[in-house]
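See below for the structure under consideration.
Heavy atoms only: backbone and side chains are in, while hydrogens, waters and symmetry mates are out. Note that the coordinates shown come from a computational prediction; the quantities given were computed from them, not determined experimentally.
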Amino acid sequence: MPEAVIHVVDDDQPVREAVQALLESVGLEARGYGSTSEFIEARGWTGPGCVLLDVRLPGGSGMEFHGRMAGLGIHLPVIFMTGHGDIPMSVQGMKAGAVDFLTKPFRDQDLLDAVSVALDRDRARRASDADGDDLRARYATLSQREREVMQRVSAGLMNKQVAGDLDISEVTVKIHRGSAMRKMGARSLPDLVRMADLLARIAD
């Protein structure tokens, strides 16, 4: 996996450069942008990392941009920075999914702690996405009948009930269930149920 990058989006150049210098002093890679449009055009946000986003920016607020990020395909965690912070704004930012809301001037350690939390969150999301992709790939190898059996067994139906529902024999249900478990890599029925639940949540 490539190294994480902390993207600093702030139109105040001295602040932006100071934040970049602080991050680089502890061995982190940081890139600065004077506006959200610069950040978008750079297209450096596909890899791991996080975004330090100033609330007040030319061409629109950081809060507004944060609301558009998912639609742009940007899923990096966000830490808001502002020189005009107040409690309602902070609450709004946190409810919108921000990692933290830092009011300038902030302590170096507060910024570094927030970045550490954001990078941990990004790593966890990427690991979860990778697990989901792997699960979807395994599910794609199941036949239609194996999927039907898996869904019903995972919903708590007994083999006899599944057989009646699908108009097949119990022996055939057991064969399809065993094949589905083998292809999915499920070691037990509860394991298969957990996978079915995760697939349902991914689909949502």
With rounding to the nearest 0.5 Å, note down the distance linking CD1 in Ile79 to CZ in Arg121. 9.0 Å
Short question: side chain of Arg123, backbone of Pro48 - any donor-acceptor pair under 3.5 Å? no
Pair Arg125 + Asp122, salt bridge at N-O below 4.0 Å: yes
Any pair with a residue in residues 158-168 that passes salt bridge (Lys or Arg N to Asp or Glu O under 4.0 Å), sequence neighbours left out, goes on the list, sorted by first then second residue, please. Arg152-Asp165
Which heavy-atom pair separates Leu142 from Arg147 by the least distance, and what is that distance? O-NE, 3.4 Å
For Asp100 and Ala114, work out which heavy atoms get closest and say how close. OD2-CB, 3.8 Å
Going from CD on Gln161 to CD on Glu170, what distance comes out if it is rounded to the nearest 0.5 angstrom? 10.0 Å
Please find the pair of heavy atoms, one from Ala180 and one from Met150, that lie closest to each other, and give the distance. CB-CB, 4.5 Å
Under a 4.5 Å cut-off applied to non-hydrogen side-chain atoms, are Met63 and Val55 in contact? yes
Would Leu23 and Val15 show up in the same hydrophobic cluster when neighbours are defined by side-chain heavy atoms closer than 4.5 Å? yes
Side chain proximity check, Met184 to Leu192, heavy atoms < 4.5 angstrom: yes
Donor-acceptor under 3.5 Å (Lys104 side chain, Thr82 main chain): no
Should the pair Arg16-Asp54 be classified as a salt bridge under the 4.0 Å nitrogen-to-oxygen rule? no
Shortest non-hydrogen pair, Pro77 vs Gly49, comes out as CD-O, 3.4 Å
Candidates Thr36, Val5, Val78 - the one meeting side chain to side chain contact (heavy atoms under 4.5 Å, CB included) with Val51: Val78
Yes or no on side chain to side chain contact (heavy atoms under 4.5 Å, CB included) for Asp113 and Val117, after CA distance, side-chain angles and deciding distance? CA-CA 6 Å; Asp113 288 346; Val117 171; 5.8 Å; no
A side-chain contact here means heavy atoms from C-beta on lying under 4.5 Å apart; do Ser154 and Val193 qualify? yes
Side-chain heavy atoms of Asp134 within contact of Tyr139, under 4.5 Å: no
Applying salt bridge (Lys or Arg N to Asp or Glu O under 4.0 Å), can you list everything that pairs with Arg145, at least two apart in sequence or on another chain? Glu148
May I ask you to test the Leu112-Leu22 pair for a side-chain heavy-atom distance under 4.5 Å? yes
Hphob cluster co-occupancy, Leu199 + Leu157, side-chain heavy atoms under 4.5 angstrom: yes
So CD of Glu17 and CG of Asp12: to nearest 0.5 Å the spacing works out to 9.5 Å
Parallel, tilted or perpendicular: which one describes the rings of Phe101 and Phe80, with boundaries at 30° and 60°? tilted
Run the numbers on Leu119 and Leu28 for side chain to side chain contact (heavy atoms under 4.5 Å, CB included), then give the verdict. CA-CA 11 Å; Leu119 294 180; Leu28 295 170; 4.2 Å; yes
Ile74 side chain near Phe39 side chain, heavy-atom distance below 4.5 Å: yes
Minimum heavy-atom distance between Met181 and Ser188, given as atom pair plus value: CE-C, 3.4 Å
Decide yes or no on side chain to side chain contact (heavy atoms under 4.5 Å, CB included) for Val19 and Asp10, but give the supporting numbers first. CA-CA 10 Å; Val19 170; Asp10 194 323; over 6 Å; no
Between Asp197 and Arg194, does the salt bridge (charged side-chain N to carboxylate O under 4.0 Å, His left out) criterion hold? Intermediate values first, please. CA-CA 5 Å; Asp197 180 62; Arg194 181 188 62 78; over 6 Å; no
Treat each ILVMFWY residue as a node, draw an edge where side-chain heavy atoms are under 4.5 Å apart, and state whether Ile6 and Val9 are in one component. no
Can you confirm whether Phe65 sits close enough to Leu72 that some side-chain heavy atom of one is under 4.5 Å from a side-chain heavy atom of the other? yes
Looking at Lys183 and Thr141, what are the two nearest heavy atoms and their distance? NZ-O, 3.2 Å
Are the charged groups of Arg31 and Glu29 less than 4.0 angstrom apart, N to O? yes
What's the separation between atom CD1 in Ile40 and atom CE in Met69, rounded to the nearest 0.5 Å? 9.5 Å
Is there a chain of hydrophobic side chains (I, L, V, M, F, W, Y, each step under 4.5 Å between heavy atoms) that links Met158 to Val173? no
Is there side-chain contact between Cys50 and His7, with heavy atoms separated by less than 4.5 Å? no
Do Val115 and Leu102 belong together in a cluster built from hydrophobic side chains that touch within less than 4.5 Å? yes
